[in-house]
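This report concerns only the one structure given below.
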Number of protein chains: 2
Amino acid sequence: MSMDAVFRALADPTRRQLLDSLHDRNGQTLNALCERTDMTRQAVTKHLAILEEANVITTVRNGREKEHYLNSVPINEIAERWIGKFERGRLTALSDLKKRLEREEP
Amino acid sequence: MSMDAVFRALADPTRRQLLDSLHDRNGQTLNALCERTDMTRQAVTKHLAILEEANVITTVRNGREKEHYLNSVPINEIAERWIGKFERGRLTALSDLKKRLEREEP
DNA sequence: TTAATATGCAACCAAATGGTTGCATGTCAA
DNA sequence: TTGACATGCAACCATTTGGTTGCATATTAA
């Protein structure tokens, strides 16, 4: 569940589309997910494997079917640990700009 | 400045390292950024081009030097428009779990 | 002006990536 | 049990990616 795996998993538009699909209806099977795309089942399988490897989705075996569930924890970790860092940087920059403006037009 | 370009730009660990370097010291030149890695200048140039293409960094030409500045806007947009969506989903899931627990142990 | 410095451009290469087809395995239902 | 259905595995292919080397251009400083 390395951060790099999550970034790489999110890098592909098809995989983000799969996540969107699961967000729309959680717990879909492989075939259900396939019906929403125009590629082969095997291609979807590979993408799902990458998403599962990154721990972005979790699967539950149910007889001959396999249900796929979103796991938003890694995405939130990225948001908090990595993106948040740059967000704070931006807020600081904005704050600095504000102070500068206040100084320049009293 | 498509969202896909930003995701792809963030997918590579080397590029995230470059962003980290700029977060540490904003406005570095190409050579300055090179000194913090172990690859060739040309490789760094390519990565910077991808980051610039995704609008994650902005450059300012200064004589024969080129300064690189972070632009956190696209990253924040991703955080708000895309990651936020899954975060809300998670909160809802937690809320549902809470309600279920409340029902099960009165 | 000339030498050193900072960056840009292009060709080339190995490896990773995204996708396909074909076949195998496992499970449900008649 | 047998056929239909859901998924898994493996080989293969084209393109992209990350990186290199070599040379070109532009700017600063002596």
Side-chain angles (χ1 to χ4, degrees), chain A residues 1-22 25-71 74, chain B residues 1-22 25-71 74:
Chain A
M1 61 170 183
S2 80
M3 201 171 69
D4 187 57
V6 181
F7 270 113
R8 302 197 130 222
L10 297 182
D12 187 85
T14 306
R15 287 194 285 270
R16 291 198 302 277
Q17 180 194 317
L18 285 171
L19 292 180
D20 280 336
S21 183
L22 285 179
R25 172 186 289 265
N26 211 5
Q28 290 181 79
T29 67
L30 172 59
N31 269 345
L33 288 167
C34 283
E35 285 169 6
R36 302 197 177 195
T37 78
D38 55 345
M39 61 187 147
T40 51
R41 177 177 55 82
Q42 287 80 356
V44 176
T45 302
K46 283 194 183 180
H47 284 300
L48 289 175
I50 292 173
L51 289 170
E52 195 173 352
E53 158 86 21
N55 204 30
V56 173
I57 64 175
T58 310
T59 62
V60 175
R61 194 79 206 212
N62 206 342
R64 66 179 161 182
E65 296 187 338
K66 192 175 176 184
E67 299 169 349
H68 298 77
Y69 294 91
L70 272 179
N71 178 21
Chain B
M1 58 167 185
S2 81
M3 202 171 68
D4 187 57
V6 181
F7 270 113
R8 303 197 129 223
L10 297 182
D12 187 84
T14 307
R15 288 194 284 271
R16 292 199 302 278
Q17 181 194 318
L18 286 171
L19 293 180
D20 280 336
S21 183
L22 285 179
R25 172 185 290 265
N26 211 3
Q28 290 183 78
T29 67
L30 172 59
N31 269 345
L33 287 166
C34 284
E35 285 170 5
R36 303 196 177 195
T37 79
D38 55 344
M39 59 186 149
T40 51
R41 178 177 54 82
Q42 287 80 356
V44 176
T45 301
K46 283 194 183 179
H47 284 300
L48 289 175
I50 291 172
L51 290 169
E52 195 175 351
E53 157 85 21
N55 203 31
V56 172
I57 64 175
T58 310
T59 60
V60 175
R61 194 80 206 214
N62 205 342
R64 66 179 162 183
E65 295 186 339
K66 193 175 176 183
E67 298 170 351
H68 298 78
Y69 293 92
L70 273 179
N71 179 22

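Every heavy atom of this structure was used, including side-chain atoms; hydrogens, water molecules and symmetry mates were not. Chain letters run A, B, ... following the sequence lines, proteins first, then strands; residues in each count from 1. Predicted, not measured: the structure shown is a model, and the values here were computed from it.
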Nearest-Å distance, [atom1] ([X]) to [atom2] ([N])?
| X | N | atom1 | atom2 | result |
| --- | --- | --- | --- | --- |
| A:Glu67 | D:dT7 | CD | C1' | 14 Å |
| B:Glu53 | D:dT16 | CD | P | 15 Å |
| A:Phe7 | D:dT17 | CZ | C1' | 19 Å |
| A:Asn62 | D:dA6 | CG | P | 13 Å |
| A:Gln17 | C:dG18 | CD | C1' | 14 Å |
| A:Glu35 | D:dT7 | CD | P | 10 Å |
| A:Asn31 | D:dT7 | CG | P | 5 Å |
| A:His47 | C:dT17 | NE2 | C1' | 9 Å |

Most 5' of A:Arg15 and A:Gly63 on DNA chain C, judged by nearest nucleotide: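 The residue whose closest nucleotide sits nearer the 5' end is A:Arg15.
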If you check the [X] side chain, which of [options] turns out closest?
| X | options | result |
| --- | --- | --- |
| B:Arg64 | D:dG8, C:dA4, D:dG18 | C:dA4 |
| A:Glu65 | C:dG8, D:dT7, D:dA4 | D:dT7 |
| B:Met39 | D:dT7, C:dG18, D:dT20 | D:dT20 |

Below 4.5 Å, heavy atoms only, C-beta onward: do B:Asn55 and B:Val6 meet side chain to side chain?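 Contact flag for B:Asn55/B:Val6 side chains = no.
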Determine whether A:Val56 and A:Ile50 make a side-chain contact, defined as any pair of heavy atoms from C-beta on separated by less than 4.5 Å.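 They are not in contact (no side-chain heavy atoms under 4.5 Å apart), so the answer is no.
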Residues two or more places apart in sequence or in another chain: which of them pass salt bridge (charged side-chain N to carboxylate O under 4.0 Å, His left out) with B:Arg36?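 Residues passing salt bridge (charged side-chain N to carboxylate O under 4.0 Å, His left out) with B:Arg36: B:Asp24.
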For A:Asp4, check salt bridge (charged side-chain N to carboxylate O under 4.0 Å, His left out) against everything at least two apart and list the hits.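 Only A:Arg8, B:Arg16 meet the salt bridge (charged side-chain N to carboxylate O under 4.0 Å, His left out) criterion with A:Asp4.
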Name the residue closer to the 5' end of DNA chain D, choosing between A:Leu30 and B:Ala43 according to the nucleotide with the nearest heavy atom.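 Nearest nucleotide further toward 5': that of A:Leu30.
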Please figure out whether A:Arg61 or A:Arg8 has its closest DNA chain D nucleotide nearer the 5' end.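 Counting from the 5' end, the first nearest nucleotide belongs to A:Arg61.
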Side-chain N,O (B:Thr40) to OP1/OP2 (D:dG19) below 4.0 Å: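 Checking B:Thr40 against D:dG19: no side-chain N or O falls below 4.0 Å of OP1 or OP2.
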Between A:Ala54 and A:Ala9, which heavy-atom pair has the shortest distance, and what is it?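 Closest pair (atom of A:Ala54, atom of A:Ala9, distance): CB-CB, 3.7 Å.
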Strictly under 3.5 Å: I want the nitrogen or oxygen pairs between protein and nucleotides 9-15 of chain C, one per line.
none

Sole candidate of A:Leu48, A:Asn26, A:Leu51 that passes side-chain contact (heavy atoms from CB on, under 4.5 Å) when paired with A:His68: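 For A:His68, the side-chain contact (heavy atoms from CB on, under 4.5 Å) test succeeds with only one of A:Leu48, A:Asn26, A:Leu51, which is A:Leu48.
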N/O donor-acceptor pair under 3.5 Å between A:Ser21 side chain and A:Gln17 backbone: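 Looks like no, no N/O pair under 3.5 Å.
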